[in-house]
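If you're wondering where the values come from, they're calculated on a predicted model, not measured in any experiment. Chain A is the first sequence line, chain B the second, and so forth, proteins listed ahead of strands; every chain is numbered from 1.
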Amino acid sequence: MGNCIVPYCDGPKNTNVRWTLPAVCFVWQTAMVILFGAFVRYNKEVDAHWPETKIHENITSDIENDFYFRYPSFQDVHVMIFVGFGFLMTFMKRYSFGAVGFNFLIAAFGIQWALLMQGWFHHIDSTDGMIKIGVENLINADFCVASCLIAFGAVLGKVSPVQLMVMTLFEVTLFAVEEYIILNLIHANDAGGSMVIHAFGAYFGLAVSWVLYRPNLKESSQLNGSVYHSDVFAMIGTLFLWMFWPSFNSAICKHGDGQHRAAINTYLSLAATVLTTFAISSLFQKHGKLDMVHIQNSTLAGGVAVGTAAEFMLMPYGSLIVGFFCGLISTLGYIYLTPFMERKLKIQDTCGIHNLHGMPGVIGGIVGAISAAGATESVYGQQGLINTFVFKDDFKHRTPAVQGGYQAAAMCIAVSFGIGGGILVGLILRMPLWGDPTDDNCFDDEVYWEVPEEEDSADPVLQYNNHTVVNKHAEVTETGFTVEQH
Amino acid sequence: MGNCIVPYCDGPKNTNVRWTLPAVCFVWQTAMVILFGAFVRYNKEVDAHWPETKIHENITSDIENDFYFRYPSFQDVHVMIFVGFGFLMTFMKRYSFGAVGFNFLIAAFGIQWALLMQGWFHHIDSTDGMIKIGVENLINADFCVASCLIAFGAVLGKVSPVQLMVMTLFEVTLFAVEEYIILNLIHANDAGGSMVIHAFGAYFGLAVSWVLYRPNLKESSQLNGSVYHSDVFAMIGTLFLWMFWPSFNSAICKHGDGQHRAAINTYLSLAATVLTTFAISSLFQKHGKLDMVHIQNSTLAGGVAVGTAAEFMLMPYGSLIVGFFCGLISTLGYIYLTPFMERKLKIQDTCGIHNLHGMPGVIGGIVGAISAAGATESVYGQQGLINTFVFKDDFKHRTPAVQGGYQAAAMCIAVSFGIGGGILVGLILRMPLWGDPTDDNCFDDEVYWEVPEEEDSADPVLQYNNHTVVNKHAEVTETGFTVEQH
Amino acid sequence: MGNCIVPYCDGPKNTNVRWTLPAVCFVWQTAMVILFGAFVRYNKEVDAHWPETKIHENITSDIENDFYFRYPSFQDVHVMIFVGFGFLMTFMKRYSFGAVGFNFLIAAFGIQWALLMQGWFHHIDSTDGMIKIGVENLINADFCVASCLIAFGAVLGKVSPVQLMVMTLFEVTLFAVEEYIILNLIHANDAGGSMVIHAFGAYFGLAVSWVLYRPNLKESSQLNGSVYHSDVFAMIGTLFLWMFWPSFNSAICKHGDGQHRAAINTYLSLAATVLTTFAISSLFQKHGKLDMVHIQNSTLAGGVAVGTAAEFMLMPYGSLIVGFFCGLISTLGYIYLTPFMERKLKIQDTCGIHNLHGMPGVIGGIVGAISAAGATESVYGQQGLINTFVFKDDFKHRTPAVQGGYQAAAMCIAVSFGIGGGILVGLILRMPLWGDPTDDNCFDDEVYWEVPEEEDSADPVLQYNNHTVVNKHAEVTETGFTVEQH
């Protein structure tokens, strides 16, 4: 099969990344080593001086080390990034290697670059100018990479690994800036990153996809679909994202009630989303048959939309309401909006990230703004209000109402950063030197992977069938000839 | 292929759930929103007033929040419910969508309804009459749903999603009552739910399957089997259930030694089960070949059977003995009992839940009763005995011997509730309005799912073959014609 | 297909394990029950006397129970052992059952035997001569089994389950001795087991494979390869190993900074490995196409190599450097070394464990020795140095430089134990009574498993096509006949 794609390789577009991909990987990894050597050290809970720290800060037990508050959540988030996002995108019949493999590559690079970028903005130790990292930094790096993987979903199957590396480099950089503005300058609250991660990542990816629009893509459309088992693989991604989303939204919340509340709100929101997703999926299909695309994606929208407000006193029923409407909107998006965007707006959104991350992210921002504006001391308690919204230091005079306004502003910033950055990066990716595939090569692992010979060779019986078929032909054609010899 | 099942759709049975499924989902989810609004709030460890709670109850550190004792176990249980049970049932060649998809749907609905039902029975806050939830409630909700998914295993492939939603509604309700009687009134101990979850769920499902007996099911039997890759998918479910079972049995145990002991007992019991399962599977097959059905299911029996006694001083060897016999009995059940039940008792048990949950659940109840009756102060310590069996308040005068009797009684109640409830609910499900499939449609995703076109289109080489085949025909037939034109 | 392998069964080699496999399983599991009854009890953190222990040792909270320090890491390690190793080996087109199934069997047996062997060497309670177990023992048992599964990778597809059980019995025994010498006598540090687990396991497996060399194996080589979906299954194993490796290396580290540091070092090392693996894989393939074999395996080498030094002050950039070179070396190993070893050294290494565990394990030992020798009080702090290297009791006068020497010695011991033990056990496995497959049977599940009938029967449409094909033929041939009847 390898040779059957050679013509494409020799065609106008050269998909051979034999030099560019290794070059990018080596150069960037080397840069990481140097920069980490120059700037990154362990924070006081990771450093071997911890015994002395315990004495100074009069910490009685090792269990108070932040590691024990956050490591289980970190591992859940880690699974979401690598297995969740990776397998969610394996749904296509011949792009599973690219989905899970490139997801792996850009996430592994992204977390390193994110540790540096986020470190420079948030975790510089004033005493020695070094970035001090601990488990919370790992979680934030995973979060940052999530936004890159969301964007990956929009261009899945249409770009080369080199383009993905370039996109990740720029997106992580932009993310760190946007995050700094939203969390530090505006002092908005976004525990689960509805705005910072999802809205930003989604609109960034959509903008890139718009710039890279491929008018003749339909040609390879027969590969742009699933097969039975690839849909089952995708459910692995869906379920790990769905199950661990409570950890995602609670991972960097305040110790104690903050993490506890965020987990419960997310759990409830996601449960409600599943029911409305199934309902809409069945209602809008002929014969009321369910569509795997909706089940794989829209069931997760509730987790996105409850992200910003996850730590707030949203109340159990509030979470259910958020989930209820997100399942509904997200599924309708797949049915009506995605085709419309492709036809009219020339945005080809392979995984429909606009329905899974874009709209739910914006909804999350709005829910966050409203629930923040509505926060009262009677509901939160005096101390609780201060803790939850961190009305301290420069912000100790901020009121919930004002906070609500800033939350709304944050949402607009996230979206604008996404669109603006996406267009910019998209233009860079249009340069003809990144080895992207031709329209006929899209959604095909053959281009960048050594793909094993056809499945059926695994299946002697099927081989046998084909064999007999061939024999039969021989004989038949022979008959044909003898006839002509009449 | 869609059209090839239309005849069935137009047949006596209408499997079109386009109106019923969305209706049920919307109505029930709306009801959940209203009921949660009226009855459910956060408990004191989740509420933003936590800082004040810490002062009142003089809690020194946030790490004492129950979240940190139970959240890791909760996430493991969560994985068992959605990936474990979901993928365990993907073994059939054309019912993987239904297995993992409907598992997802009923679990997501069930946990919401369970939070309400269990809340009303166990977690009403007397001060304001509200249900106060925390992470432990989430675990209990997942537990309750587990019993529904067990029952799902018995009717897998033979019912419609609407029937499953109805079954879940009633089963969760019955579960809460049964659980209340066993844990509160009888004050039995059932950490891992051998009785409350497994025995109840299994006999409930078997009773439903008995009422819904399909005498002519053999017809579609060619779909009632696995293919190579579907068996591998099922192993994902098996392994996640097997690995996380120690978390399942220890999730709601007492803090400290309770959780620690339950995890170790379960770990050991499961290890022993694996060996005896492999032994019996090989011993009873021709040529000593292993059967995937046994490996996928019977290896888990030890986790079920050690559930009730997991928190007791069962001793490591005690756990091994339990696992040893369960692997043996469960595998023999698959070989002899399941066929017998189908032929003689007219119980069609798709996944063989009687061997995986039914018998082991009963064994678990018996083991629990015996080990409770045999508990002594020398083994547990005075305080340990009180802690483990909660001999406090109304029950402070109860002796281990008496407790053993109550444990046995609890087991009988669980089974009777299962059988009785199952028959009742089965009769409801027999009503002709739920869109269940005809015998010919059973075990076929085509009925309720949009299934992608055939696998082989994923395989250019095979396509190529087919292509040439068609061409050859054309040419040949042509020859045929030209001949006739002679 | 079942019957087509009968001739082999009747051939010189008898692969029928109907009596041997059950016998081994029953005898050994019974032995486990007896030995656990005689020797194994709960330790004080698991025992119901814990309330009294708390008072004696003046422990203020249940959260101080070691369970809460280690259980989340234990569960991650558990997933690596059963899903990680199991699925990593499912890459072959017709050996997925054997890979995941036998992995399950030997791991379940190995952990029991490991609890005993390691207990006798490390956890004998002098007061009553009993082995006292807790969660840390479970982790160590899983670690021990990891070395067996590594060795399994070298002989995958070429041995019978009985041989695997025998190999595991001996390997666990040897492991416990080697571990005792390295950790207790030499007092080397090996948190992640680069030497004790990986180097030992790899060279053990390679030695076994060398003794069991099959000169004519090429014959069945068409089965010794992957198909599209089996490669995707293998990625499940790869990713769970990759994601949870930080838990593996930190699971038994000291509480607090030790676990925290080990997790971060591993996280960084693994990230760097991914980039260099992708780079080399693309650079050395024609058309720069990526090879799934490299992505599935070499991306993990960084986790192995950082194991010994994970708990040291390796510094973030140090971890990146280790990962950088391991991805490079491991991938080159797959491209050049593995074929060389098979041709010249007569070592058939099915999974290339020498590249994934062998070389990286040795590198890990060297990195450990160097970083230990270079440890200074200024970097670790006085107390930190003592804590990290446990310079206490008999070893309180040992200096970092000396420790470095002992680390290097430990590495040599691990490798020699592996090679020596492997040859020994290999000779035992060559005895003709274990039911190993003929060369033609290698890498084929048919030999030891009931394999379901061919995949395509799962696909009505394909069946339909075949059907019509046949019809067409019929008709065409008829035409042919009618012609001849002219």
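Atom CZ in C:Phe82 sits 10.5 Å away from atom CE in B:Met235 (nearest 0.5 Å). Distance check: B:Ile321 CD1 to C:Met32 CE gives 14.0 Å after rounding to the nearest 0.5 Å. Here the CG-CD1 distance, from B:Leu320 to C:Ile34, works out to 11.5 Å after rounding to the nearest 0.5 Å. Taking NE2 of C:His49 as the start and CG of B:Leu385 as the end, the distance is 10.0 Å to the nearest 0.5 Å. Atom CG of B:Leu268 sits about 7.5 Å away from atom CD1 of C:Ile111, to the nearest 0.5 Å. Once rounded to the nearest 0.5 Å, the distance linking CG of B:Asp257 with CD of C:Glu52 reads 10.5 Å.
Both the backbone and the side chain of C:Glu45 come within contact range of chain B, judged by heavy atoms closer than 4.5 Å. Contact annotation for B:Ser96: neither backbone nor side-chain heavy atoms come within less than 4.5 Å of a heavy atom of chain C. In this structure, chain C has no heavy atom under 4.5 Å from any part of B:Glu311. Neither the backbone nor the side chain of B:Ile386 comes within contact range of chain C, judged by heavy atoms closer than 4.5 Å. Of the atoms belonging to C:Phe39, not a single heavy atom falls under 4.5 Å from chain B. For C:Leu115, the part lying under 4.5 angstrom from a heavy atom of chain B is the side chain only. Of the atoms belonging to B:Val379, it is backbone heavy atoms, and not side-chain ones, that fall under 4.5 Å from chain C. For chain B, the nearby part of C:Ile236 is the side chain; its heavy atoms alone come within less than 4.5 Å. Of the atoms belonging to C:Asn65, it is side-chain heavy atoms, and not backbone ones, that fall under 4.5 Å from chain B. Heavy atoms closer than 4.5 Å to chain B are found in both the backbone and the side chain of C:Thr30.
Residues that satisfy the ring-ring contact (aromatic ring centres under 6.0 Å, His included) test with C:Tyr95, not counting sequence neighbours, are absent from this structure. For C:Met130, the side chain to side chain contact (heavy atoms under 4.5 Å, CB included) partners are C:Arg41, C:Asp128, C:Lys132, not counting sequence neighbours.
Using the six-membered ring where Trp is involved, B:Phe278 and C:Phe104 have ring planes that are perpendicular, over 60° apart on the 30 and 60° scheme.
You'll find the ring centres of C:Phe67 and B:Phe69 outside the 6.0 Å limit. Between C:His78 and B:Trp242, the ring center distance clears the sub-6.0 Å criterion. Annotation: B:His229 is in aromatic contact with C:Phe233 [ring centroid separation under 6.0 Å].
Side-chain atoms of B:Tyr228 and C:Asp445 form a donor-acceptor pair, as typed in the model, at a separation below 3.5 Å. In the model, B:Gln259 has no side-chain atom that pairs as donor or acceptor with a side-chain atom of C:Tyr71 under 3.5 Å. Judged purely by distance below 3.5 Å, without hydrogens or angles, the side chains of C:Tyr42 and B:Asn265 pair a donor atom with an acceptor atom. Judged purely by distance below 3.5 Å, without hydrogens or angles, the side chains of C:Gln75 and B:Ser247 pair a donor atom with an acceptor atom.
Closest approach of B:Val227 and C:Pro452 over heavy atoms only: C-CG, 3.5 Å. Taking both residues in full, the closest heavy atoms of B:Ile280 and C:Phe26 are given as CD1-CZ, 3.7 Å, listed atom of the first, atom of the second, then distance. Taking every heavy atom of both residues into account, C:Val135 and B:His260 meet most closely at N-NE2, 3.0 Å. The two atoms that bring B:His255 and C:Tyr68 nearest to each other are CA-OH, 3.4 Å, heavy atoms only. Closest of all the heavy-atom pairs between C:Val17 and B:Ser282 is O-OG, 3.6 Å. Across all their heavy atoms, B:Met243 and C:Val79 have their closest contact at SD-CA, 3.3 Å.
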Item checked: Criterion side-chain contact (heavy atoms from CB on, under 4.5 Å) on C:Glu450 and B:Gln285, from CA distance to verdict -> CA-CA 9 Å; C:Glu450 294 286 345; B:Gln285 299 286 329; 3.6 Å; yes
Next item on the list: In sequence, state the C-alpha distance, the side-chain angles, and the governing distance for B:Tyr267 and C:Asn137, and then conclude on side-chain hydrogen bond (donor to acceptor under 3.5 Å, both in side chains).
Entry: CA-CA 12 Å; B:Tyr267 174 94; C:Asn137 301 66; over 6 Å; no
Note to self: Under the criterion ring-ring contact (aromatic ring centres under 6.0 Å, His included), I'd like the reasoning laid out for B:His287 against C:Trp449: C-alpha separation, chi angles, the key distance, then a yes or no.
What the structure shows: CA-CA 9 Å; B:His287 306 113; C:Trp449 297 86; over 10 Å; no
Next item on the list: Check step by step if side-chain contact (heavy atoms from CB on, under 4.5 Å) holds for B:Val274 and C:Phe109.
Entry: CA-CA 8 Å; B:Val274 175; C:Phe109 164 66; over 6 Å; no
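Ranking B:Pro316, B:Gly288, B:Ala262, B:Pro246 against chain C, the residue ahead of the rest is B:Pro316, based on heavy-atom pairs under 4.5 Å. Taking C:Leu105, C:Val40, C:Val100 one by one and counting their heavy-atom pairs under 4.5 Å with chain B, the maximum is reached by C:Leu105. When the candidates B:Ala272, B:Ser281, B:Ser226 are compared by the number of heavy-atom contacts under 4.5 Å with chain C, B:Ala272 comes out ahead. Contact tally against chain C (heavy-atom pairs below 4.5 Å) for B:Leu290, B:Thr238, B:Ile264, B:Asp231: the top residue is B:Leu290. Here C:Asp47 is the residue among C:Val24, C:Asp47, C:Ile81, C:Val33 with the most heavy-atom pairs under 4.5 Å with chain B. The most heavy-atom pairs under 4.5 Å with chain C, out of B:Thr277, B:Asp291, B:Asp76, come from B:Asp76.
In this structure, the side chains of C:Phe97 and B:Ile295 stay at 4.5 Å or more apart for every pair of heavy atoms.
Looking only at distances, no side-chain donor or acceptor of B:Lys289 sits under 3.5 Å from a matching main-chain atom of C:Val447.
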